[in-house]
Amino acid sequence: MNTVLVTGGAGYIGSHACKALKATGYTPVTYDNLVTGWEDAVKFGPFECGDLLDRARLDAVFQKHNPIAVMHFAALSQVGESMQDPGSYWRNNVAGSLTLIEAAVAARCTKFVFSSTCATYGDQDNVVLNEDSAQHPINAYGASKRAIEDILKDFEAAFGLRHVIFRYFNVAGADPDGEVGEFHRPETHLIPVLLDAIDGKRDALTIHGTDYATPDGTCIRDYVHVCDLVDAHVLGLKWLQEDKGSRIFNLGTGSGFSVREVMDHSRTVTNRDVPHREGPRRPGDCTKLVSGSVRAEQELGWRPERSTLKHMITDAWRWHQNGHYDS
Ligand code: UDP
């Protein structure tokens, strides 16, 4: 009876969400096309292989499982790639999400938890980023997520689709039990790339730009532990079940770290050097993205207690050394 449809449940964040849902008494049904996800990561409930753009398949899955809510993680999520291949981002993320939202409404499943991003804010100098800040994305990834937020608003007005939108800052770390973790092929995110370099799985980390207007010249991000992040999703689901209405929440800690600071912490945690080189800026990167909101803490009772860099890198390093998926 407590079934939740989790799109992208075979991916990094979705698989952690499935674990958290199961631990809280829900049955997560993973819907994933396995383009970037791993069937090995589907450990906490049934698996339905399918694409967001396949309306007939979505209708069949809604009919079979009759979920009480959707948690929508499935997306292309790389800033750099989105600048080179914007069409895939608009097709998969926007057209795919629209197809999913229409299928949900048709199935009368009107509780929807959506993974959005701080990339919807764009580069805003000296602006405190809270949920009411203007959204001026500077990459196709952020633009695609902002468009989906707009779709959700329109579907709420027309069909009563209640939604919680989470705007993630930078997600890091892994399940401390080692059951699931971050595993992208190819990998582009800072912490796993950096751990690959430490471990000799790649020759070096390339720092994407050292001439930003930050104290050490590298970009600043706000890192959140994936387990804290998915806990917020369970709280968001309960919020919807309690009929508290649609709401947007930033998920960040309010503390920013530069690329060089993340490297320093990684050196300390692993006790190894980080082989690195300095490279040019990556198109689409914002200088600084740090949350300026405590709405999730105040209204959802969220406590991001595992979101220290030391904790995130320690958990990521443990997974990096012991965990992987084969398929
Ligand atoms: N970054 C980097 N080298 C890499 C990967 C990332 O210097 O190999 C930087 C990137 O430019 C950004 C930060 O690390 O400033 C976080 O990037 P990531 O891709 O992890 O997440 P994003 O902020 O793009 O969602």
Side-chain angles (χ1 to χ4, degrees), residues 8 11-13 36 73 75-86 89 93 115-124 129 135 137-146 166-174 181-199 201-226 229 250-253 255-267 274-291 307 309 312-313 316-317 319-320:
Y12 170 41
I13 301 171
T36 57
F73 297 94
L76 298 175
S77 62
Q78 292 173 28
V79 167
E81 181 188 64
S82 81
M83 299 301 282
Q84 288 158 5
D85 182 14
Y89 278 69
N93 291 3
S115 310
S116 189
T117 168
C118 62
T120 60
Y121 294 122
D123 235 345
Q124 303 191 34
L129 296 178
Q135 291 174 291
I138 62 164
N139 51 61
Y141 168 58
S144 73
K145 290 284 186 172
R146 185 185 60 178
F166 287 118
R167 293 188 186 142
Y168 306 168
F169 285 70
N170 285 58
V171 189
E182 184 167 16
F183 197 69
H184 297 114
R185 287 290 175 268
E187 187 54 76
T188 65
H189 291 114
L190 177 61
I191 291 176
V193 165
L194 179 157
L195 295 177
D196 273 346
I198 288 180
D199 217 12
K201 290 184 185 144
R202 68 172 69 212
D203 63 337
L205 163 77
T206 301
I207 302 177
H208 295 321
T210 53
D211 61 346
Y212 285 95
T214 61
D216 68 19
T218 64
C219 293
I220 293 176
R221 297 286 182 273
D222 179 343
Y223 293 86
V224 190
H225 196 296
V226 64
L229 186 100
N250 277 0
L251 294 179
T253 66
S255 298
F257 296 94
S258 71
V259 173
R260 290 194 203 278
E261 286 173 322
V262 175
M263 289 169 58
D264 288 343
H265 278 82
S266 304
R267 232 174 255 125
V274 185
H276 64 278
R277 64 173 83 87
E278 296 184 0
R281 291 184 178 203
R282 186 172 67 177
D285 268 347
C286 296
T287 304
K288 179 177 175 183
L289 289 167
V290 177
S291 178
S307 296
L309 265 190
M312 288 183 274
I313 296 167
W317 181 230
W319 163 259
H320 188 89

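Counting starts at 1 for both ligands and their atoms, in listed order. No hydrogens, no waters, no symmetry mates; every other heavy atom, side chains included, goes into these values.
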Open item on the list: Apply side chain to side chain contact (heavy atoms under 4.5 Å, CB included) to residues His208 and Leu190 and explain how you reach the verdict.
Closed with: CA-CA 10 Å; His208 295 321; Leu190 177 61; over 6 Å; no
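- At least one donor-acceptor pair under 3.5 Å links the side chain of Asp216 to the backbone N or O of Thr218.
- The shortest contact between atom 9 (C) of ligand 1 and any protein heavy atom is with Val259 CG2, 3.8 Å.
- Of the protein's heavy atoms, Asn170 ND2, 3.7 Å lies nearest to atom 25 (O) of ligand 1.
- Under the side-chain contact (heavy atoms from CB on, under 4.5 Å) rule, Arg167 has a single partner from Ser116, Ser291, Ser115, which is Ser116.
- Aromatic ring centres of Phe257 and His265 lie closer together than 6.0 Å.
- For atom 1 (N) of ligand 1, the nearest protein heavy atom (residue, atom name, distance) is His208 CD2, 3.6 Å.
- Where the criterion is an N or O separation shorter than 3.5 Å, residue side chain and backbone included, Leu190 meets it with respect to ligand 1.
- Looking only at side-chain heavy atoms (C-beta outward), Asp196 and His320 come within less than 4.5 Å of each other.
- In summary, the side chains of Arg277 and Thr206 do present a donor paired with an acceptor at a separation below 3.5 Å, with no hydrogens or angles considered.
- Among all non-hydrogen protein atoms, the one lying nearest atom 24 (O) of ligand 1 is Arg282 NH2, 2.8 Å.
- Per-residue contacts place Ile207 under 4.0 angstrom from the following atoms of ligand 1 (heavy atoms of the residue considered): 7 (O).
- Heavy-atom contacts of Leu205 reach the following atoms of ligand 1: 3 (N), 4 (C), 8 (O) (cutoff under 4.0 Å).
- Atoms of ligand 1 lying under 4.0 Å from any heavy atom of Val193, numbered from 1 in the order shown and given with element: 8 (O).
- For the pair Thr206 and ligand 1, the shortest N or O to N or O distance falls below 3.5 Å.
- Summary of contacts: the protein heavy atom closest to atom 5 (C) of ligand 1 is Thr188 O, 3.2 Å.
- At under 3.5 Å, not a single nitrogen or oxygen of His189, backbone or side chain, sits near a nitrogen or oxygen of ligand 1.
- The closest donor-acceptor contact from the side chain of Gln135 to the backbone of Pro137 lies at 3.5 Å or more, if one exists at all.
- No donor-acceptor contact under 3.5 angstrom links the side chains of Asp123 and Tyr212, judged on distance only.
- The closest protein non-hydrogen atom to atom 15 (O) of ligand 1 is Cys219 CB, 3.0 Å.
- With a 4.0 Å heavy-atom cut-off, ligand 1 is reached by the side chain of Arg221 but not by its N, CA, C or O.
- Side-chain atoms of Glu81 and Tyr141 include no donor-acceptor pair closer than 3.5 Å.
- Looking at atom 11 (O) of ligand 1, its nearest protein heavy atom turns out to be Asp285 OD2, 2.5 Å.
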